[in-house]
Structures are given as structure tokens and as C-alpha cells.
Number of protein chains: 2
Amino acid sequence: MNAMSTSTARRGRPPKGESRLSREAIVEATLRVIDTDGVGAVSMRAVGRVLGVDAKSLYNHVDGKDGLLDAVAEHILGTIELPERTGDLRTDLRAIAHAFRDRALTHAEAAALVLTRQLASFEALAPIEAVLTVLRAAGCPAEEAVHLLRTLVATLIGSLLREINAGPTYGTTDIEGIARRQAVLEGSGLPAIVGAAPHLARFDPGAEYDFTVEFALDALAARLGR
Amino acid sequence: MNAMSTSTARRGRPPKGESRLSREAIVEATLRVIDTDGVGAVSMRAVGRVLGVDAKSLYNHVDGKDGLLDAVAEHILGTIELPERTGDLRTDLRAIAHAFRDRALTHAEAAALVLTRQLASFEALAPIEAVLTVLRAAGCPAEEAVHLLRTLVATLIGSLLREINAGPTYGTTDIEGIARRQAVLEGSGLPAIVGAAPHLARFDPGAEYDFTVEFALDALAARLGR
DNA sequence: ACCCCTTTGTCCACGGTGTGGGTTTACCCG
DNA sequence: CGGGTAAACCCACACCGTGGACAAAGGGGT
């Protein structure tokens with residue numbers, strides 16, 4: 001996989017031209033590991049192996065494993081393709097919400113990091129700025145805008161988190177899976193669940209996300225339009 | 001810590017009366033580890049140590065580490081103290097939302113498990129049944145009730161997840177922390193963020209949760225009351 | 001009463017993890 | 001040209017999840 005590498009067992013600082021390691025290269029390699037073998041497979045050694053480099057070398061660019069995962073999350077968050085503003089509240093927020101989902105699903109395995117970790121970096125601020133701008137432009141006062149922003153973000157994160165690690169037990173679109181799940185739910189004996197079992201067993205992530213986004217937008221428009 | 005234990009090095013099955021191990025005892029011990037040293041400190045060996053038992057013994061009652069963590073999550077979810085129904089949509093849903101939060105914060109470190117994992121067990125169904133019952137009683141058709149349920153759950157989970165692993169970097173209530181965070185935000189140069197910095201820097205989890213719940217309830221009432 | 005089988009523990013071992021510490025080298029600046 | 005520093009290396013440690021072999025207690029069939 002690597003032309004010249006570990007076999008030569010060169011030690012010490014590498015020559016200038018071939019300084020393979022950089023924060024960005026490491027993050028990218030980590031992302032490759034995650035996309036291939038899942039978040040659980042990330043280890044300093046594994047990432048080092050991908051780069052043909054000793055694990056400890058990573059510590060020169062990244063602050064331990066936790067710092068590495070933070071860096072990955074920030075990278076993903078920072079590369080969301082935010083849409084152009086149109087001036088319409090609903091159109092703009094919907095576009096942001098979908099851009100967020102697109103980015104999250106491109107690296108589904110890595111997205112759990114983004115959704116789970118608390119990020120304080122500069123890169124993480126761009127999407128926040130985008131949402132705030134739209135809200136303020138719609139005439140929302142600063143304090144309320146912040147509360148609404150947080151509510152909105154929480155909703156999107158909760159939705160995506162479920163979508164991402166929803167195994168087939170949660171609900172599916174394939175007919176056989178639905179039938180099986182529905183049977184389990186009906187066996188619970190809880191009346192409301194039994195009554196709604198056909199709908200509980202069916203789960204279409206995209207449609208569900210759309211429903212949630214539209215619900216939130218309705219609520220927002222009603223509140224701001226008053 | 002244990003009077004009679006490893007020193008005697010007894011092997012083989014323990015006598016009937018003192019069968020220390022049970023699924024419940026293991027879950028409880030795990031919860032103690034989590035509350036003391038965090039989720040990261042959970043290991044088969046650590047849990048075994050608490051019980052004065054070899055790590056491998058746990059495998060007789062629990063399906064590996066993942067199964068153990070699932071069991072803990074289910075235990076927490078299953079012991080939510082659901083409120084009595086009053087018949088009023090807002091009152092009932094609000095009460096459920098707060099019961100959920102109470103339970104989550106009692107074992108804050110463990111709550112991430114509940115919020116993150118997909119649970120399929122019977123115990124996990126009780127809260128769902130409660131929400132569905134309230135929605136159906138308010139005249140909501142089954143399919144819509146399921147969508148609304150999912151939206152609501154996503155929102156609560158997103159909110160709690162942030163609250164639980166929000167370090168002091170995210171925003172605080174203490175004056176010094178707010179000032180520091182505000183300065184960072186103002187240094188970003190992003191206009192909407194700079195303008196809202198005082199509010200972004202302040203974060204009061206309880207108030208934020210209340211705001212989000214009331215926002216969702218408003219939206220729900222408007223939709224169902226139409 | 002006997003025997004055997006299942007259950008539920010124990011111990012040993014393996015390959016893997018994050019990271020602390022010390023060593024080596026190439027570059028850069030004076 | 002010589003010293004300092006940055007960036008790579010290897011060794012070592014304590015810990016992890018769990019596969020597999022073994023032991024002892026209890027229960028069931030004859």
C-alpha cells in the first residue's frame with residue numbers, strides 16, 4: 001500500500017520534502033478508518049498504520065485520542081455546505097437542516113461524534129452563525145433567537161442520532177422487517193402501542209426527518225409571525 | 001472491601017444460598033461504577049471487582065459488555081416514574097417530559113447510554129405507551145401520533161444529551177465562565193454570533209429544557225387544536 | 001443411593017489498547 | 001558550523017474484552 005515505508009526503519013525526523021504527517025492528513029486518515037471499519041475501530045495504532053507511521057507520532061499533531069476524535073468531528077462540522085440565503089425563513093432554515101443531514105449521512109459512522117461531542121472550535125461556529133442570521137433577519141430578538149436555535153439544534157441532533165444508529169429492530173422500510181417488528185409490538189399488550197403498531201413498525205428516515213423539520217418550521221413561523 | 005472473597009480461592013459453583021450473582025445485581029453494580037467513575041470506567045473486570053467476582057462470571061448473566069450496557073440503559077428507562085394522567089394534553093406531556101429528565105439526571109453519566117442506544121426491550125416501551133396514550137386521547141390519529149411522538153422524543157433526547165455532556169466551555173451560569181465564553185465568541189468576528197454573544201454564553205439547562213418543552217407543546221397544541 | 005449432566009463459577013492466555021518516557025535524527029537559526 | 005528543537009522512532013506498562021479449559025455444586029433419572 002505504501003511504496004517506501006516501515007521496512008527501511010528510518011528513525012528520527014523525516015527530511016523536509018516528505019513530512020507526511022500533518023493534522024489534516026491525520027484527520028483524513030482517521031475518517032478513512034471510521035468509514036471502513038466503524039468508530040470502534042479507531043485507535044492511535046490503526047490510524048498510524050494507515051499512514052505508515054508510528055502511533056506515538058500522532059501525538060505531535062493531535063492531543064490524544066479524544067483530541068483526535070474532536071478534530072474529526074470539527075472537520076465534518078466545518079465542511080457543511082451551507083446554502084445561499086434567499087431571505088425566506090422557512091426556505092433558508094429547511095436548506096440548512098438538509099445540508100446538516102447530508103453532511104452527517106455522508107460519514108454516517110463518524111456522525112455520532114459530531115452529534116455527541118461538545119465542540120468549542122471556530123469551525124463549529126459557521127452553522128450556528130447561519131441559523132442565527134436567518135432568525136435575526138426574520139425579526140427575532142437576540143435572546144429568543146438563541147433559545148430557538150438551541151431547540152432546533154437539539155431536535156435535529158436527536159433525529160439524526162436515531163436515524164444513524166437505528167438498527168433494523170427499530171423499524172424499517174422492508175416489508176418482512178416491518179411485519180416482524182409489528183408482531184413484537186403487538187405482543188406487548190400495551191393498548192396504545194398495539195393500536196399504533198403498524199405505524200411504529202414502519203420507519204422511513206428521510207420522511208421522518210422531513211416531518212420533524214416541517215413541524216419545527218410551522219411552530220417557528222407561527223411564533224415569529226405573531 | 002469484601003469479608004470473604006478471593007483469598008480463599010474457592011473454585012466451582014457456589015453453594016445455593018449465596019449465589020451472589022444475578023442480572024439485577026450486575027446491573028446495579030455497573031450503575032455504581034458509572035456513577036462513581038464515569039461510563040468510560042466500565043469494564044467487565046471493574047464490575048466483577050465490585051462484586052468480588054471474576055470478570056468472566058458476568059458472561060453467564062449478560063451478553064458481553066455491549067449487552068451489559070444495554071441492560072443498564074433499559075434499567076434506567078424502565079424505572080422512570082411516569083405521572084398519573086390528568087386528561088389535559090399539555091399537563092400530561094409536560095409531566096412525562098420532566099419525569100424523563102429527572103430520571104436521566106439522577107444518573108447523568110449513565111444517561112448517555114439511554115439516549116444513544118437503540119433499545120428494543122419490553123421495559124423501554126412504557127414511556128412510549130404513555131406519550132401515545134396522551135396523544136390519542138387528544139384526538140390525534142394513530143399515524144400522526146407516531147410521527148409526533150418521534151419528533152418529541154428526538155427533541156428531548158437532543159436537549160438532554162447536550163445538557164449532560166455540556167462542559168463549561170459550552171456556556172454556564174457562573175459569572176466568570178460566562179465572561180470568558182462571551183469573549184471567545186466575540187472574537188469570532190461572525191456578526192450574528194457577536195450580536196448574540198451574551199445570550200450564547202449563558203446556558204441554564206433547566207430553563208433551556210423548559211423553553212424547549214413549552215415550544216414543542218405550543219406547536220403540538222396548535223396542530224391538534226386546529 | 002448412585003451417576004451424570006448442566007449450571008456457574010474460576011484461572012490462564014492472547015492480542016489489542018492509550019500513552020509515559022527515552023532516544024535518534026534532520027532541519028533551522030545564529 | 002555548532003547547538004537547539006521538532007518530529008519521528010522503540011520499549012514498556014497496565015489495562016481491556018473474551019476464547020477456552022477446568023472445577024465444583026446442584027438437580028434429575030434410574
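Worth saying up front: this structure is predicted, and the values here are computed from it rather than measured. Here is how names work: the chains are called A, B, and so on, in the same order as the sequence lines, proteins then strands, and each is numbered from 1.
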Inset, instruction - Mind calculating the distance between CZ (Arg23(B)) and P (dT8(C)) to the nearest angstrom? - result: 13 Å
Inset, instruction - Decide yes or no for Tyr59(A) and Ser57(A): does some side-chain heavy atom of the first lie under 4.5 Å from some side-chain heavy atom of the second? - result: no
Legend entry - Under 4.0 angstrom between Asn60(A) side-chain N/O and dA6(D) OP1 or OP2: no
Legend entry - For atom CG of Asp54(A) and atom P of dT17(C), their distance in whole Å: 13 Å
Legend entry - Euclidean distance, atom CG of residue Asp63(A) to atom C1' of dG20(C) [Å, nearest integer]: 14 Å
Inset, instruction - Report yes if a side-chain nitrogen or oxygen of His61(A) is closer than 4.0 Å to either non-bridging phosphate oxygen (OP1 or OP2) of dA6(D); otherwise report no. - result: no
Legend entry - Any side-chain heavy-atom pair of Ile26(A) and Val53(A) under 4.5 Å: no
Inset, instruction - Examine the side chains of Glu123(A) and His75(A) and answer whether a donor and an acceptor come within less than 3.5 Å of each other. - result: no
Inset, instruction - Report the distance from atom CG of Leu21(A) to atom C1' of dC9(D), rounded to the nearest whole Å. - result: 12 Å
Legend entry - cation_pi(Arg101(B), Tyr209(B)) dist<6.0 Å, angle<=45: yes
Legend entry - Base versus backbone protein contacts along nucleotides 16-22 of chain D [heavy-atom cut-off under 4.0 Å; B, S, -]: BBBBB-B
Inset, instruction - Could you tell me whether Arg117(B) and Glu74(B) make a salt bridge, using a distance below 4.0 angstrom between a side-chain N and a carboxylate O? - result: no
Inset, instruction - Round to a whole Å and report the spacing from CD1 of Ile26(A) to C1' of dA7(D). - result: 11 Å
Legend entry - No-hydrogen, no-angle side-chain donor-acceptor test under 3.5 Å, Thr79(B) and Arg103(B): yes
Legend entry - Below 4.0 Å: OP1/OP2 of dT8(C) and any side-chain N or O of Ser57(B): no
